[in-house]
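For reference, the structure is listed below as structure tokens.
Note on naming: letters A, B, ... go to the chains in the order of the sequence lines (proteins, then strands), and numbering restarts at 1 for each one. Computed from a predicted model, the values in this text were never measured in an experiment.
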Number of protein chains: 2
Amino acid sequence: MGGEETATSKAPRTERGKRTLRKLLDAAAAEFGERGYHEASISGITQRAGAALGTFYTYFDSKEQVFRALVDDMGHLTRQHIAERVPGNVDRLTAERLGLEAFIEFVREHKDLYRIVMEAQFVAEDAYLNYYKVFAAAYTRNLAQAAEKGEIRPGHEEERAWALIGMSVFLGMRYAVWSSDKSAKEVADAAAELITFGLSPLARGGGGM
Amino acid sequence: MGGEETATSKAPRTERGKRTLRKLLDAAAAEFGERGYHEASISGITQRAGAALGTFYTYFDSKEQVFRALVDDMGHLTRQHIAERVPGNVDRLTAERLGLEAFIEFVREHKDLYRIVMEAQFVAEDAYLNYYKVFAAAYTRNLAQAAEKGEIRPGHEEERAWALIGMSVFLGMRYAVWSSDKSAKEVADAAAELITFGLSPLARGGGGM
DNA sequence: CTACAACTTGAATATTGACTCAGGTTTCGA
DNA sequence: TCGAAACCTGAGTCAATATTCAAGTTGTAG
């Protein structure tokens, strides 16, 4: 029962149409990213796209609908980017480090879209919820599997998943969206060490690897 | 040179005025919390407060100004609540656990205000930035001091501070705002263990205290 | 008790911007 | 080449609501 094809009636049927739709999506990402949902205007989007106001409604039903489309798109892109950078056969702790680094890099390259995801909490809460629930579910599963293999200490997988997602999100916000004063690797290494050994002074010493 | 007293001209001078101002602030917190900044309306606020529309402008210059007032207020309340629950003389790792538990409890009791803080990112970005920068600076300092005392491993204090804040925020969102299906203590314990020992299977075993 | 400041009131104003639509223009299969 | 479908255009409609203001009511100092 696919919820995927909401906009069938609005799908472009010619090359020209496809080009226009793409221009509008890019323009929407820029407009929402720069001005935020409510400051953004449809006329701003169409101006950026070099199209007339009415053209927007050839492809979308409403302002909110484009916004949701962008949020969903971001979920796919993020997972894809991280999956590409994290080999399937490494152990969990290594995967954490690589994944975080990939995530921060990705956010740097897509600040606009990332801001949109964050704002979705207030514009399209269900899309936002879904975005993170998908992440958290996958994360929880990964942690449970790693625990079974003995790669990490078992227990509290769900809470850990949310805690780790929160870390990533805030590090992304601080070191990718707000400022890039430290390299992605630097940040990821610091966080990976925290994730691996915690703060305890009893654990194995400093930086490593 | 105090930025505190922005609204001197609007401060109430009689008992009646003070009461009305308080009713408006409470009403604003509820309205913004429930409907979000843009959906919220001044008339919604005054209706909740049982006042006339124009009364709002006796005490505030604009919709945005009340919103900012609420964000700042939340910063004070949060720090105060946590400070009350975390004795000054405990070691850092204990403080982390107690602080997180206090934070989650606090968010549960102030969902509306908490949502407002999060939305501030898109409505009053500077207020939001300030909110977290104050937290992060204090946190970084605490970590550095703890490192000097040998309570935790030294290094990366700033990144760690942001990572730990991110954890708290997301755990708060998931286990206080969205759902209360686990107790604050349960969540705080799981996170505290992660913060203390990390995920590494080499560290001291499971749950403990 | 009085007068003035403080406060309250809600209809009116003004702006904004999402969305519609009737009439062109372009594309493309036959 | 032709005509219908697809696409584009942008002025106009319409609802929402932040903010103002002139007129009334209440509190309180003297």
Side-chain angles (χ1 to χ4, degrees), chain A residues 6-70 116 119 122-124, chain B residues 5-32 34-70 116 119 122-124:
Chain A
T6 311
T8 305
S9 65
K10 302 248 175 182
R13 274 149 220 224
T14 67
E15 271 313 311
R16 180 168 59 139
K18 278 184 196 158
R19 257 179 285 133
T20 305
L21 174 57
R22 172 109 311 271
K23 279 195 295 179
L24 285 171
L25 279 168
D26 292 344
E31 175 81 0
F32 284 131
E34 274 176 34
R35 317 226 293 148
Y37 182 80
H38 293 279
E39 290 287 306
S41 70
I42 307 298
S43 84
I45 293 171
T46 51
Q47 269 173 254
R48 282 173 198 258
L53 180 53
T55 300
F56 177 89
Y57 292 92
T58 305
Y59 297 103
F60 303 102
D61 292 324
S62 68
K63 186 178 179 181
E64 194 178 318
Q65 197 208 333
V66 219
F67 189 83
R68 286 174 181 275
L70 291 170
I116 288 169
E119 189 164 15
F122 306 100
V123 172
Chain B
E5 305 291 340
T6 311
T8 304
S9 66
K10 303 248 173 181
R13 273 149 222 226
T14 67
E15 273 312 311
R16 178 167 60 138
K18 277 184 196 158
R19 257 179 285 134
T20 306
L21 175 56
R22 171 106 316 267
K23 278 195 296 179
L24 284 171
L25 279 168
D26 292 346
E31 175 81 0
F32 283 131
E34 275 177 33
R35 317 225 295 147
Y37 183 80
H38 293 279
E39 290 287 305
S41 69
I42 307 298
S43 84
I45 293 171
T46 51
Q47 269 173 253
R48 283 173 197 259
L53 183 50
T55 299
F56 177 89
Y57 292 92
T58 305
Y59 297 103
F60 303 102
D61 292 324
S62 68
K63 185 178 179 181
E64 193 177 318
Q65 197 208 330
V66 220
F67 190 82
R68 286 174 181 275
L70 291 170
I116 290 170
E119 189 164 15
F122 306 99
V123 172

Length of the line joining [X]:[atom1] and [N]:[atom2], which is rounded to integer Å:
| X | N | atom1 | atom2 | answer |
| --- | --- | --- | --- | --- |
| A/Lys10 | C/dC19 | NZ | C1' | 10 Å |
| B/Lys23 | C/dT8 | NZ | C1' | 11 Å |
| A/Glu31 | C/dA18 | CD | C1' | 13 Å |
| B/Tyr59 | C/dT9 | OH | P | 10 Å |
| A/Glu15 | C/dT27 | CD | P | 12 Å |
| A/Phe56 | C/dG17 | CZ | C1' | 13 Å |
| A/Glu64 | C/dG17 | CD | P | 18 Å |

Q: May I have all residue pairs that pass salt bridge (Lys or Arg N to Asp or Glu O under 4.0 Å) and include part of residues 40-56 of chain A, sequence neighbours excluded?
A: A/Glu31-A/Arg48, A/Glu34-A/Arg48
Would you give me the side-chain donor-acceptor pairs under 3.5 Å for residues 16-25 of chain A, sequence neighbours excluded?
{"unit_1": "A/Thr20", "atom_1": "OG1", "unit_2": "A/Arg16", "atom_2": "O", "d": "3.0"}
{"unit_1": "A/Arg22", "atom_1": "NH1", "unit_2": "A/Asp26", "atom_2": "OD1", "d": "2.8"}

Q) Phosphate oxygens OP1/OP2 of C/dT8: is one of them under 4.0 Å from a side-chain N or O of B/Thr20? A) yes
Q) OP1 or OP2 of C/dA6 less than 4.0 angstrom from a side-chain nitrogen or oxygen of B/Arg13, does that happen here? A) yes
Q.
Here's a test of your reading of the structure: between B/Tyr57 and A/Leu53, which maps to the more 5' nucleotide of DNA chain D?
A. A/Leu53
Q: Would you kindly compare B/Arg19 and B/Glu39 by the position of their nearest DNA chain D nucleotide and give the one closer to the 5′ end?
A: B/Glu39
Name the nucleic acid region contacted by [X], choosing base, sugar-phosphate or nothing; use a 4.0 angstrom heavy-atom cut-off, strictly under.
| X | answer |
| --- | --- |
| B/Ala40 | sugar-phosphate |
| A/Thr55 | base |
| B/Ser41 | sugar-phosphate |

What's the shortest heavy-atom distance between [X] and [Y], and which atoms?
| X | Y | answer |
| --- | --- | --- |
| A/Pro12 | A/Tyr59 | CB-CE2, 3.8 Å |
| A/Thr58 | A/Lys10 | O-CD, 3.4 Å |
| B/Ile45 | B/Ala27 | O-CB, 3.4 Å |

Q.
Please check if the number of heavy atoms outside A/Glu39 that lie under 6.0 Å from its CD is greater than 12.
A. no
Q.
Reading DNA chain D from 5' to 3', where do the contacts with chain B start and stop? Cut-off is 4.0 Å to heavy atoms.
A. D/dA18 to D/dG27
Q: Look at the aromatic rings of A/Phe32 and A/Tyr37 and report parallel, tilted or perpendicular, splitting at 30° and 60°.
A: parallel
Q. Counting side-chain heavy atoms from CB outward, which of C/dA18, C/dA6, C/dG10 is closest to B/Arg16?
A. C/dA6
